[in-house]
Number of protein chains: 2
Amino acid sequence: MLIQDKQQRNWKPIIKQFEAVVGKNGVVQRREELITYECDGLTSYRQRPAVVVLPRTTEQVAEVVKICDRNSIPFIARGAGTGLSGGALAVENCVLIVTSLMRQILNVDLDNQRVVVQPGVINNWVTQAVSGAGFYYAPDPSSQIICSIGGNVAENSGGVHCLKYGVTTNHVLGLKLVLPDGSIVDVGGQIPEMPGYDLTGIFVGSEGTLGIATEITLRILKSAESICVLLADFTNIEAAGASVSDIISAGIIPGGMEIMDNLSINAVEDVACTNCYPRDAVAILLVEIDGLAVEVAANKQRIAEICKNNGARNITIASDPEQRLKLWKGRKAAFAAAGHVSPDYYVQDGVIPRTQLPYVLGEIEALSQKYGYRIANVFHAGDGNLHPLILYDNSIPGALEEVEEVGGEILKLCVRVGGSISGEHGIGADKKCYMPDMFTDVDLETMQLVRQAYNPKGLANPGKIFPTPRTCGEAAKAMSDAKKFEEVSRF
Amino acid sequence: MLIQDKQQRNWKPIIKQFEAVVGKNGVVQRREELITYECDGLTSYRQRPAVVVLPRTTEQVAEVVKICDRNSIPFIARGAGTGLSGGALAVENCVLIVTSLMRQILNVDLDNQRVVVQPGVINNWVTQAVSGAGFYYAPDPSSQIICSIGGNVAENSGGVHCLKYGVTTNHVLGLKLVLPDGSIVDVGGQIPEMPGYDLTGIFVGSEGTLGIATEITLRILKSAESICVLLADFTNIEAAGASVSDIISAGIIPGGMEIMDNLSINAVEDVACTNCYPRDAVAILLVEIDGLAVEVAANKQRIAEICKNNGARNITIASDPEQRLKLWKGRKAAFAAAGHVSPDYYVQDGVIPRTQLPYVLGEIEALSQKYGYRIANVFHAGDGNLHPLILYDNSIPGALEEVEEVGGEILKLCVRVGGSISGEHGIGADKKCYMPDMFTDVDLETMQLVRQAYNPKGLANPGKIFPTPRTCGEAAKAMSDAKKFEEVSRF
């Protein structure tokens with residue numbers, strides 16, 4: 001479905017039409033300004049768009065999409081550009097529709113616990129807008145201070161609190177959408193479980209391939225009366241994993257449960273923290289416990305006992321906000337820390353059934369040995385969502401390709417044990433070639449019926465999610481060739 | 001999309017083909033045996049199918065559907081036939097594919113908290129299969145001892161525990177489906193949040209219009225350590241409603257919160273209970289509180305205080321299983337009790353924002369006065385899901401039509417205050433004519449793109465969910481005419 005348009009298009013009349021909709025300031029076309037938009041958080045793929053358009057309203061998005069539709073121009077919605085699977089990566093001769101000027105919180109309805117926002121609103125602005133009244137917005141990706149709600153909706157983002165509260169789709173009540181033909185429709189509504197087909201559910205996580213959300217109705221939750229964070233350190237990672245299983249088996253669902261291994265701990269200690277975590281621990285388990293004060297008090301006792309029974313050396317419990325933040329600081333800084341202890345790193349995102357944790361960690365260690373790359377493990381242990389960080393040096397020729405191979409092996413391992421190739425980062429451009437490891441041709445064709453129904457011309461975010469007939473390596477090469485073509489042909 | 005096939009079809013060769021797939025015992029075609037299948041739980045609509053087929057496996061369902069597809073015969077999946085919106089109602093000259101022989105629990109995986117079942121498995125068999133190990137299946141429609149999981153999936157059924165645990169869609173991880181062309185596909189999987197489009201989400205609640213689920217992977221939950229039920233009685237219904245809002249505002253999410261009004265209380269007391277509920281209460285509020293023992297103990301205190309602050313006369317708390325069952329007994333018997341105190345009753349199902357409860361109850365009372373029918377109110381108060389029971393006598397000519405009109409007025413009222421025409425009973429044949437009150441033409445067309453993608457010939461459950469161009473009255477008349485035609489033409 002990759003739209004190939006090798007002919008030199010005359011952009012001038014198209015740009016005039018865009019300018020008529022969003023004004024001259026709303027169109028970016030100068031080469032040096034477009035550089036900002038040539039990749040998202042997945043920096044290993046780059047493709048410069050032909051034009052960037054910055055609308056401010058639903059109607060402007062619809063008009064821009066109609067211009068693309070009339071002229072058969074591929075268009076790609078982009079929020080803050082923090083995505084990690086290349087979901088907002090441009091294709092050749094495309095228009096990027098960037099929502100960063102759509103930053104209004106349109107409505108706050110505390111009585112009915114919902115907030116309506118434009119897609120460019122930053123994730124943690126939602127919580128900020130309602131926290132004074134004792135509410136918060138649950139999904140909290142690590143990038144929550146910079147990522148936007150539109151991107152969260154496209155990628156069905158998660159965060160450390162998914163275990164208890166679910167991912168983005170569990171918190172979106174309704175959407176105003178611009179479909180790929182430019183029509184404006186409403187799906188879902190202001191209450192959960194609307195009748196008819198659950199179109200909200202299918203649009204959330206569809207990575208911009210079915211349309212662009214321009215107004216999003218979010219569910220907000222009442223803030224917990226009490227929160228505490230427990231840190232347990234272990235001399236083997238299996239014991240940390242067993243503690244996670246035992247906590248769940250005891251009927252406790254903590255707000256979040258994160259495991260970090262020794263390599264991550266030391267990376268974080270080198271960079272961000274001062275005595276945040278014990279450097280000699282093989283693994284640490286961080287558990288956030290929230291709820292009523294009595295519930296939190298009882299649960300922290302039980303969780304501490306479970307960890308001790310599994311051989312935890314020390315247990316630290318933080319109840320006041322400052323201490324809690326200190327315990328979380330290292331976890332939140334883990335990705336950035338990896339970038340400090342290694343010239344480059346590659347974040348993988350896969351899911352496994354919780355029971356497979358010890359086996360999978362052993363296999364990842366074996367891959368690390370086999371390929372000779374250090375792999376730091378940081379993961380949402382409660383829901384089996386792994387984030388192996390493969391450390392490498394991009395200046396060594398062939399290193400990226402090898403690291404991508406290791407990443408692919410990890411994904412195949414996840415699928416082999418009954419898991420998934422993506423937990424919360426989406427498929428985008430990066431992982432589409434692994435979709436056939438997880439789904440049969442018939443299953444993929446069944447999904448594509450939806451894309452054909454809503455995006456029949458294939459102009460909305462082409463080349464994402466679904467594998468092209470090419471293999472992964474060929475697709476990467478084609479993409480790099482396309483980039484070279486674009487480099488020489490545009491100017 | 002109603003398939004009209006007024007010509008006398010020669011069923012003999014078709015039936016031979018069905019028999020070749022499911023055996024002679026798997027095909028029902030005698031007039032007197034077909035009577036069982038001429039309506040579901042919505043008994044006011046009746047239409048006899050031409051043939052009933054009872055498959056036992058996915059492959060048999062696929063073969064039966066292929067025969068229907070090849071011969072352009074409409075087919076309708078039916079579970080236990082307990083649905084309340086006519087979702088499994090036959091159309092003229094159709095085949096009913098009944099899943100009541102598909103009753104195997106195929107896999108129980110306690111470690112990963114999931115169970116795989118065939119669609120004919122009865123809802124509470126799932127809990128029975130795992131309760132010994134301390135687990136349960138959360139969605140619990142009132143009909144849970146007779147309704148089947150396949151029907152729950154089709155209608156996205158709820159129950160008293162939706163407030164805390166969500167409806168069926170929140171508990172279905174994956175589905176094996178037979179699509180309307182007879183192909184077999186898998187959607188979702190064994191873990192939540194699979195990559196790609198959320199087809200599981202769109203199939204759950206699609207009322208058999210997109211295909212037939214033949215294997216269903218359900219999520220099971222750990223049973224709560226402690227459960228108690230609190231009954232508060234009030235001298236006005238607004239105070240009961242205010243207590244519900246205050247409980248939620250206090251950050252407590254009980255397992256369930258149900259309100260019954262004086263008419264329901266007395267119906268239940270007349271029929272089922274002995275001093276279960278106080279007959280002079282204007283309303284009672286039932287709250288189920290579950291969780292850790294300390295949490296339940298703290299919450300029941302706080303909930304009791306909230307109810308007292310809102311003017312509750314008496315509060316009864318039941319902790320042991322027998323007492324709890326006694327307090328629930330009346331609520332569970334409410335629909336049946338209505339059938340005892342009145343010759344007939346019509347159950348409505350609508351949703352409103354919680355904050356609109358006092359206003360909506362006042363308007364329902366006004367409708368009761370205006371039309372001269374008693375209306376008993378029983379509802380899932382926590383999530384604003386109303387179940388008004390309109391009491392009437394079907395032997396009085398025109399009464400049913402008038403009661404349907406009252407029911408329609410209530411639905412329009414729900415929509416007017418920002419709610420929904422269905423909470424958990426589906427749209428089916430009964431409510432499709434109210435869909436335009438809730439959705440614009442464009443919104444409905446956007447939904448129908450999915451139906452056209454998966455069910456392009458319109459053979460899978462035609463005439464359900466989406467309004468035909470006819471108005472409600474005309475559709476009912478056409479259906480009744482069709483029935484008369486069928487009566488005279490078949491034999």
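Protein chains get the first letters and strands the later ones, always in sequence-line order, with residue 1 at the start of each.
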Taking every heavy-atom pair that is under 4.5 Å apart, which of [options] has the most such pairs with chain B?
options: A:G196, A:S422, A:G205, A:G158; answer: A:G196
options: A:D383, A:N299, A:V187; answer: A:N299
options: A:Q190, A:Q356, A:R302; answer: A:R302

All side chain to side chain contact (heavy atoms under 4.5 Å, CB included) counterparts of B:V294, not counting sequence neighbours: A:A298, B:L292
According to side chain to side chain contact (heavy atoms under 4.5 Å, CB included), who are the partners of B:N112, at least two apart in sequence or on a separate chain? A:P353, A:T355, B:D109, B:R114
Main-chain N/O of A:T446 paired with B:Y197 side-chain donor or acceptor, under 3.5 Å: no
Give a yes or no on whether the backbone of B:A250 and the side-chain of A:K222 come within a donor-acceptor separation of less than 3.5 Å. no
Determine the option with the most heavy-atom pairs under 4.5 angstrom with chain A, choosing from [options].
options: B:T209, B:I421, B:V296; result: B:T209
options: B:G291, B:G426, B:G189, B:S249; result: B:S249
options: B:L444, B:T200, B:L210; result: B:L210

Residues of residues 176-186 of chain B under 4.5 Å from chain A (heavy atom pairs)? B:L179, B:I184, B:V185, B:D186
Review item, side-chain donor-acceptor pairs of residues 166-174 of chain A, under 3.5 Å, at least two apart:
residue: A:T168; atom: OG1; partner: A:S157; partner atom: N; Å: 3.2
residue: A:T168; atom: OG1; partner: A:S157; partner atom: O; Å: 2.7
residue: A:N170; atom: OD1; partner: A:V167; partner atom: N; Å: 3.0
residue: A:H171; atom: NE2; partner: A:Y165; partner atom: O; Å: 2.6

Region of [X] in contact with chain A, defined by heavy-atom distances below 4.5 Å:
X: B:Q113; answer: side chain
X: B:F439; answer: side chain
X: B:D111; answer: both

Find out whether [X] and [Y] are in side-chain contact, i.e. whether some heavy atom of one side chain is under 4.5 Å from a heavy atom of the other.
X: B:M438; Y: A:P195; result: yes
X: B:D198; Y: A:F203; result: no
X: B:L449; Y: A:V450; result: no
X: B:M447; Y: A:L199; result: yes

Chain B contact via A:F135 - which portion, at a heavy-atom distance below 4.5 Å: neither
B:I227, CD1 atom: more than 12 neighbouring heavy atoms under 6.0 Å: yes
Between CD of B:E225 and CD1 of A:I252, what distance do you get to the nearest 0.5 Å? 8.5 Å
